[in-house]
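Numbers restart at 1 for each chain; the letters A, B, ... are given by sequence-line order, proteins then strands.
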Amino acid sequence: MEKKEIICISCPLGCRVEVRGDGENIESIEGNQCPQGREYAREEFMNPTRILPTTVRVSGGELPLVSVKTEAPIPRDKIFSAMDQIAQVTVEAPVKLGEVIIEDLVGTGVSLVATRRVLSDKKAADGEKV
Amino acid sequence: MVSEFKDKYQLVIIGAGPAGLGAALAAEERGVKDILLLERDYFLGGILPQCIHNGFGLDYFGEELTGPEYAHRFIDRIPESTVQVMDETMVLDITPDKEITALNRHQGVQKIEAKAVLLAMGCRERTREAIKIPGDRTAGVLTAGTAQRYINIEGYLPGRKVIVLGSGDIGLIMARRMTLEGAEVDSVLEIMPYSSGLVRNKVQCLDDFDIPLKLNHTLTRIEGDKRVERVVVSRVNDDLEPVPGSEQTVECDTVLLAVGLIPENELTKQMGIELDPVTGGAVVNEQRETEINGVFACGNVLQVHDLVDYVTEESEIAARAVSEYLSRRRKKRRKKIKLTAGEQITYVVPHRIDYVYQDKDKKTLKLFLRSSVPVEEAELKVVDDRGQELISSRKKIVTPGEMETIILPLQFLDEDIEELTVSVTKASQGAD
Amino acid sequence: MKADIVIIGGGVTGTAVARKLTEYELDIILVEKEADLASGTSKANSGIVHAGYNADPETMKGQLNIQANPLFDKLCSDLNVPFQRTGSLVVGFNQQDLETIKQKKENGDKIGIPGLEIIGRRRLQKIEPHINDRARWALYAPSAGIVSPHELTIALGENAAQNGLQVMLENKVEDIETEKGALKAVVTNRERIECDVVINAAGVYADSIARMAGDEMVIRPRKGEYFIFDREYGDLINHVLFPTPTETSKGILVTATAHGNLLVGPNAYPAGKEDLATTSGGLVEIMKGAVKLIPDLPRGGVISSFAGLRAAAPSEDFIISPSPSVWGFIHAAGIQSPGLTAAPATAERVEQLVKGYYPSERLVKKDDFQETLPEKPHLYDYDEGDLEDWNEYIDRREDYGEVVCRCEHVTRGEIIDALHSPVPAQTLDAIKRRARAGMGRCQGGFCGPRVVEIIAEELGISPREVTKKGPGSEILQEKTKDLRLKKKTADKENRDNQRQEGKYKDPAQDAAKNAEQDAEQATEQAAEQDTEPKTEKQLQQVKIESGGADGE
């Protein structure tokens, strides 16, 4: 039986919610002042997940990096191995907004997508960046 | 693609961050023609492109976006608009007659006349020197925003072992950023007894990575020969002064400072426009107009916002105001209303209400404000100079770190009101 | 390597001497241990050109002050260094102060300092509206002025370089070689230079250098701390303001700088030769002292603080004399206030001493000596009224149209000029001293990344090699992602080592960790091969096929 104190992030009150349970079941949730808090604490206890925003190296682009994020939250304890995988990748410009950079990030089933456009360094014949 | 630049415009906007971009597009929608957007960087979006984290747009777009995505929503509408954009251009001066002197590589020094000017220059960061941290002057001391630019735009890490001073959102975000990219963050120091950042950031930037948040602490010395080698951290007392004997040395090679944003009002001062010493921004009426007719300000240059969504909202207020100014559709109130920051309120923007509104689609006025201390079970009140309470709203909690708004129905503002005072008290307190 | 004369030290004394001596057909080398000229006391002082009423004509420093003051107009005009004869006021509050002020005037009149006047309260308030209204008298000295000390030092050095001076930066003198009591060579950490004459202008380290030649000298540094205020406040005062000095202290002054900032300081206390740290007590002290003169000093308007070391000799006077031990060795040491003011006269004095070591046939003056520096364009010299005149520079080079430092209005063209100066800037601080980028209210927050990029591009180096003030002060440590990659490799190596040493005890845990490692490794390999990373299930499959938990 585990007991964890979770700080709710749903509103600035930041209630400290105490959750008791084990890997499968929740026995009790105490300290929240609203139902959102209860829901958040449950999720955070059972399966804490996070959106991971970071950058990926770009080759041949107007910028050396493209900002990216996971399309959905991934398990919190996979964040560092995700960062390691991401560090290996270099994507070639041009990069489109929303383009999938890594399809299944460290086996989570979640994709890593570009959150901005990065044009390529080369200019087309009419002087416009491609 | 871009037609020839002119030397006269109906509206010139200084700064193509979210404030300037939002105002440019909103002004065009309202029929303002001849809009020029001046930007000093080589990309648009202001500070947003380097804010690669989430948390933008929940209010305005109903979606959670990262900074660059939020910026895209505006930047992508520019090519189809009639707004002209001059980037890599620095504005050197603006006269009270709205003549702008700007400089760039291609056009050199140019003078541009504007019928209306919108100041949207954003903020700069407070420095180590400004808060007078003694010690050595070495490499490795930088503000959080500059570090963010290096890491997210230029592609370089400024250090490997970091200590962060300031637990506002930018300090918390950068603590996480450095950690994710492999640096070691010793701790985040906060001089106040509470953090001014979002709870979510405290959890997801510090707790997730076991980075300690040391409240009531500050940096009292930076040491090193060529580069930072160690710092001295002290506890502070209730007067925010270091407690002798509480010093601890922390070995590190980088100090990140997140100790406040200062609206960049150099140009505003050059025009002789009055600034509010509390906000650091111009004194404005509800149209976001400064004391010079036709000179407007919006976004962080007016008041430091914590949500870019409010910046966009403010830019739309300013855009509407500009279009009313240009089409001479404004009617002044007989008596101007002064807005006063009352009990436990640091400031209220706008500072004045000058005009009368007859448009059916404008029924309310939004006041933006901050409390001076955290108050739980808070009651926000607007009281006029006859002692009459116009609005009262309850909030579970208000904190200095989160801007509050009050929606004021225009019908409550009768002709004779000359002052409105905004205050916040704990619900059980206060005369009733 | 050979030269006629080696000057040790790139401060204002060394560079002033260099400029004087390059008038002659002599091979001169200046060696400086830091990455730029003006890296020591010359960049961290009050920037005052003293009138000289304080001077004791019996002292070397007094004589040189008196001699040098009148030279500044031409010197700064020739070298394009900002200099203003603002005049100075020694401010008195009571009878005792008045007595001291009278003494100073007497002294000054005797020496011949021009225009000295004791003024009363009314006039004082008129010419200095922000002065403390309890101030009652002041000694007004119209010939005092303010100059940019680092710009003067660099300009002297660059003019000398124009005229043949060879500047060797990052060269620290380690030994002086002598032969039969005469100078033979100077040995630095990088070079050995045979020469006839050495000028020891090594500031706080002049005693170490002296000892290398066998001379006794002691320099006991005295630190002084300063504040600089935003240029917005520069016109708060019109003259250099001094308090009436007491027995123990010259007092904390308030002055505008040549660029329109406000400068406050210094205090004075003994410190180590490498101790340039500001202290909380010291900063409080100088602010308190300044507020006595200007009560409405805008304390929130501080944009920078720094400390400098006075290279004080026990005699409290300059040591400008030939070495008693080594023939050819000249000291220009013990330089404290008024060292900046005295510099052009110090140079002439050293010139006289140098003449003692050469027969007159060797001392031929160049007929092509250029005494003026070509003017360098600076956008900050242009006011709103004449900004359009700047276009003539942009027409020459587009880089002058790109503003890099927003606070001080410095363009890319000016930064590139600094990188190609006669004594080229190679670091952020060196650029700051020549072009002012980074000296404004945001202290390089905005322009820093841009200046780093420009330096890297112009010098053809990686941005990671760009330093603030020489090796060890690199601004950037790693390319983003590299630290992550290194860490991962390091972590993996650690785990491998620990496993080999049997540190892991739980085989189940071990197996799980190995599985994770293998999964990561497979992911790596997949990424490297540009194939899609596999799902957990696929990786499990791979592991099973490759023979179990310990297979790699």
Side-chain angles (χ1 to χ4, degrees), chain B residues 40 88-90 92-93 95 101 103-111 124-140 142-143 145-146 149-160 180-183 220-227 242 253-254 262 264 266 269-270, chain C residues 227-228 232 274 276-280 282-283 300 302-306 379 384 387-391 394-395 398-399 401-403 406-407 409 411 428 441-446 448-449 452-453 463-464 467-488:
Chain B
R40 69 186 177 188
E88 293 193 83
T89 300
M90 185 71 75
L92 298 175
D93 185 51
T95 67
T101 307
L103 172 58
N104 67 29
R105 305 174 77 92
H106 305 297
Q107 279 98 3
V109 176
Q110 356 148 27
K111 302 248 188 229
R124 59 183 157 88
E125 297 178 275
R126 187 169 279 116
T127 63
R128 169 249 177 123
E129 292 80 0
I131 60 173
K132 309 185 186 89
I133 301 179
D136 298 307
R137 284 154 67 98
T138 63
L142 61 170
T143 52
T146 304
R149 178 147 186 144
Y150 275 129
I151 299 178
N152 295 338
I153 306 279
E154 314 287 334
Y156 291 96
L157 269 182
R160 298 185 186 96
L180 285 177
E181 292 295 350
T220 45
R221 203 171 156 79
I222 298 176
E223 291 177 5
D225 177 23
K226 302 277 193 234
R227 200 188 165 86
D253 68 8
T254 309
I262 301 170
E264 240 190 292
E266 276 61 48
K269 284 188 229 174
Q270 273 167 241
Chain C
F227 274 129
I228 291 196
E232 196 181 333
E274 291 294 317
L276 288 172
T278 51
T279 62
S280 51
L283 294 178
V302 168
I303 64 169
S304 186
S305 56
F306 60 89
L379 179 59
E384 302 84 61
L387 273 169
E388 278 175 307
D389 295 342
W390 183 252
N391 277 328
I394 304 177
D395 290 337
E398 248 186 28
D399 285 333
E402 186 184 322
V403 176
R406 185 265 167 274
C407 301
H409 286 181
T411 63
L428 244 67
R441 55 188 64 94
C442 87
Q443 291 287 292
F446 175 76
V452 167
E453 178 252 315
R464 280 169 47 226
T467 69
K468 180 184 193 297
K469 48 180 172 170
S473 67
E474 288 76 13
I475 305 290
L476 304 168
Q477 298 290 290
E478 299 276 358
K479 253 174 112 164
T480 310
K481 306 301 169 195
D482 278 350
L483 189 57
R484 188 82 243 143
L485 292 169
K486 280 184 203 173
K487 252 203 145 108
K488 180 175 151 47

request  = Below 4.5 Å from any heavy atom of chain C, which atoms of B/Glu181 appear? Answer side chain, backbone, both or neither.
outcome  = both
query = Under a 4.5 Å heavy-atom cut-off, does chain C meet the side chain of B/Arg137, its backbone, both or neither?
reply = both
Region of B/Asn152 that comes under 4.5 Å of a non-hydrogen atom in chain C = neither
query = For C/Ala277 and B/Asp136, which heavy atoms make the closest approach, and how far apart are they?
reply = CB-OD1, 3.3 Å
key: Engaged part of C/Leu476 at the chain B interface, taking heavy atoms whose separation is under 4.5 Å   = both
note = The side chain to side chain donor-acceptor pair (under 3.5 Å) partners of B/Arg126 (sequence neighbours excluded) come to none
key: Which portion of C/Leu428 sits near chain B, non-hydrogen atoms under 4.5 angstrom   = neither
message = Taking side chain as everything from C-beta outward and backbone as N, CA, C, O, which of these in B/Ile262 sits under 4.5 Å from a heavy atom of chain C? Side chain, backbone, both or neither.
response = neither
inquiry  = Does any backbone or side-chain atom of B/Asp93 lie under 4.5 Å from a heavy atom of chain C? Answer side chain, backbone, both or neither.
reply    = side chain
Evaluation steps, side chain to side chain contact (heavy atoms under 4.5 Å, CB included), between B/Leu92 and C/His409 = CA-CA 8 Å; B/Leu92 298 175; C/His409 286 181; 3.5 Å; yes
remark   = When the 4.5 angstrom heavy-atom criterion is applied to B/Leu142 and chain C, the contacting part is neither
task = Under 4.5 Å heavy-atom distance to chain B, tell me which part of C/Ser305 shows up: side chain, backbone, both or neither.
result = backbone
Atom group of B/Gln110 that falls short of 4.5 Å from chain C, counting heavy atoms = neither
note = Of all heavy-atom pairs linking B/Pro134 and C/Leu283, the shortest is CB-CD1, 4.2 Å
